[in-house]
Number of protein chains: 2
Amino acid sequence: MDTLETRELRYFVAVAEELHFGRAAERLGMAQPPLSRAVQQLERRLGVSLLERDRRGVRLTGAGQVLLHEGRTALDATAAAARRTRRFGSADHPDGPRERLVIGVKAAASHDLLQRLLDAYAAEPDAAEIEVLAGGFNEQEQMLRDGRADVALLIVPFNSLAGFDSEELLTEGRIAVLPARHPLAARKVLSMADISDVPDLPIARWPRHGSYEPGPGPEVRDHTQLAQLIALGRTVAVVPESARTWLWHEHAAVPLSDAPPVSTHIAWPAHSRSLALAGLIRTATRLIADPAPTH
Amino acid sequence: MDTLETRELRYFVAVAEELHFGRAAERLGMAQPPLSRAVQQLERRLGVSLLERDRRGVRLTGAGQVLLHEGRTALDATAAAARRTRRFGSADHPDGPRERLVIGVKAAASHDLLQRLLDAYAAEPDAAEIEVLAGGFNEQEQMLRDGRADVALLIVPFNSLAGFDSEELLTEGRIAVLPARHPLAARKVLSMADISDVPDLPIARWPRHGSYEPGPGPEVRDHTQLAQLIALGRTVAVVPESARTWLWHEHAAVPLSDAPPVSTHIAWPAHSRSLALAGLIRTATRLIADPAPTH
DNA sequence: TTCTGTGATACCCGCCAGGTATCAGCCCGG
DNA sequence: CCGGGCTGATACCTGGCGGGTATCACAGAA
C-alpha cells in the first residue's frame, strides 16, 4: 500500500482550491504540465477520480471533496510537526529546558481577559515565557491546527473546537456597531432583522478558510479595517460586548435583542503533554472561578 | 519554508521507534546508508538535532520526542486521507451515493451492545451498509486515527478520546477471570491487591502503541489468546462484566470490590460530515435512552 | 590484539520530478 | 463559418536526488 506524499497533497489541494490548473501551478511556483501530470498520477494511484475536467474549468467530485478536507488536515498536521519540532529544538540549548508557549489570539478581542490571564500566569512559579501571536478573523483555529500556536483563545461559534481540548472562559452577549450618524444608531435596541437588510449598510464579509465568499458587503480582515469602514458609514457589524474597548467616537453601539451569545474558550491540541501548557490552563480555569476584577 | 515529506517522516519514525538504523532500514525495506543520510538531511533542514548517536545505539533528543509524537499523528492523518478518499471513491459509482461505514470494535467485547446497535440501525430508513472491523486490544483508537474505521466503540480508560467526538454508551464494573481450579477462584469477592501479586498468576501484558513493555506476564493480543492462557492456569485477567459472554468452563469469574469501572463510548473523527455516520450516532444515543432489553 | 556490531562516508546509477514546446477541444467574436 | 484565445493534456528531454554497494571509523568484548 503506497502512501501519499505531502507534495502530492499540496498539489491537489492547490488545484482543488483554485479549481484551475494554471493558477494553481503559479501559486505553487511551477509550470502547469507537471502539475497536471502529478494530479493524474495521484488519481491513478488512488484508483479514484478526483476532478471533473470540463472545458473551462474544473469541478470536484465527491471523492475530491473528501480528499480536499482530509488532505488539508493532513497538511496541517505535518506543518505542525515541523514547526513544533523546530520550536522545541531551538529552545533546547540551555539545558534547563526553558519552555516557551505561543498563544494565538484575535487582535484586539478579549483584550482584558488576555491581560488578566497573562498577569496571573506570570505570577506563577516556573512560569514559561509566553509569546502572543495576534491574528485576524478566525485565524486562531488554523494557527492551532498547523502548529503556529500551542494554545489559543477561540471564539465560538466562529471557530470550531472539534479536535481540541478546551475550557470555556467567558460568555457574552453581542452588540451592533453602527456609524454614529446613521438613523438606526438612535434606537435603544435592535434585532438582527433590523440590521440584516439595510441597503446602505451591507454586512461586511470576512474570510472563511482563507478566501472570501461573494456578496455585497466590503471585505475585511481585522478589526482595524472593520472599525474604519464603520466610521466611514459603509457597513455595520455585530460583535461581542467586550469589543466596546476598541470603539471610536464615530461609532455607536446598540444592544441586540436576539443575537445568540458568543463564548471565548481556551483551546489546545488534544494529547498535548507540555508542562508549561498545563500550568497555563490551570491558571485560566482558576481565573474564571475567582471573581473578575471590576474595571 | 520547506515542508516535511511523508517519506522523511516515515523514515524518522521508524528509526525513532527502533532506536537502531539497521533494523529500521530493514523494516522500511531499504539499505541502512540512505536511511542514515535521509535522517541527517532531515535534521539539517529542521536545524535541530533529533537523535544522539552513541556507539551502540541511538537515543531521542527532546526535539526528537516531539517529532516522533507529532510525526505519528501527521502520518496517521495522511493515511486517513488516502483511505477515506479511496473508500468514498469506490463506493461512488452508483449515482445514488450508497454510503458505507466501517465500525471498529474490539473482537468479542461489547458484543451484545454492538448487536443491539446494528439491529436498531438496520431498521432505520436509508440505513447505510455497515462493515464491522474487529481488532485486537486497544487497536480501535488507531483504526480511527488512520482512517481504517469511520467510527469505533472505544473502551476508556484503555483508549483515549482526545481529538474525537464521542458519546458514552455504557459503564460497567469489572470482574477477575481466574483459572477455575485456582484457590482464589473460590472467593466470593476479590480486591485488586489480591490478584496483583500472585506469583503463579502473573498479569498478562498487552501491546501499547504496537509493542510490549517488558514484564513477567505472558504477551497477549486478543481475547482468544487470553482465554486460553487463563484456562491453562497461566494468568489472571481483569475484564469488564460484559466479558462473561465469552467465558469458558475452565474459567471462574469473581467480582472485584475496588476496580475502577470502564465505559464504552462510540467515537468518531471530529468534523465528520457524513450523513450515514450522523444516523448511526443518533441510533446509538437513542439506544441508551431506551430501556435495554433484559436477557 | 582481533572480532563484532554500530552508524557514517564515498561513489555510482537509474528514475522521476520538473522544464519547454506543442497539441486538442471548446467558446468566443467577427 | 472561421480563427484567436482560453482551457487542460501530451511528448520529450534533462538534472537532481533517492537508493544501492563497498568501505570506513570507532568502541567494546573476548
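Throughout, a chain's letter reflects where its sequence line sits, starting with A, and its residues are numbered from 1.
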Counterpart residues, side chain to side chain donor-acceptor pair (under 3.5 Å), relative to B:Q140 (two or more places apart):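 Result, side chain to side chain donor-acceptor pair (under 3.5 Å) vs B:Q140: none returned.
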For A:N159, enumerate each residue passing the side chain to side chain donor-acceptor pair (under 3.5 Å) test, keeping only those at least two apart in sequence or located in another chain.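 Listed in chain order: nothing, the list is empty.
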Over how many whole Å does the gap from [X] atom [atom1] to [N] atom [atom2] extend?
| X | N | atom1 | atom2 | answer |
| --- | --- | --- | --- | --- |
| A:L35 | D:dA9 | CG | C1' | 12 Å |
| A:E18 | D:dG8 | CD | P | 11 Å |
| A:R53 | C:dC26 | CZ | C1' | 17 Å |

Can you pull out the residues from residues 19-27 of chain B that lie within a 4.0 Å heavy-atom distance of DNA chain D?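 DNA chain D contact set from residues 19-27 of chain B: none.
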Holding to salt bridge (charged side-chain N to carboxylate O under 4.0 Å, His left out), I want the full list of residues that pass it with [X], two or more places apart in sequence or in another chain.
| X | result |
| --- | --- |
| B:D146 | B:R83, B:R148 |
| B:E26 | none |
| B:R23 | B:E18 |

Taking side chain to side chain contact (heavy atoms under 4.5 Å, CB included) as the definition, give me every residue that meets it alongside B:L161, ordered by chain and number, with sequence neighbours left out.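 Side chain to side chain contact (heavy atoms under 4.5 Å, CB included) list for B:L161, sorted by chain: B:L154, B:V156, B:S166, B:H265, B:A267.
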Does A:H20 have any ring-ring contact (aromatic ring centres under 6.0 Å, His included) partners at least two apart in sequence or in another chain, and if so, which?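 For A:H20 there are no ring-ring contact (aromatic ring centres under 6.0 Å, His included) partners, ignoring immediate neighbours.
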Using a 4.0 Å heavy-atom cut-off to protein, can you give one letter per nucleotide of nucleotides 15-20 of chain D, 5' to 3': B if the base is in contact, S if only the sugar-phosphate is, - if neither? ---BBB
Would you say B:S36 places a side-chain N or O within less than 4.0 Å of OP1 or OP2 belonging to C:dA8?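 Yes, such a contact exists.
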Determine, for A:D150 against A:R100, whether the closest basic-nitrogen to carboxylate-oxygen distance falls under 4.0 angstrom.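 Salt bridge: no.
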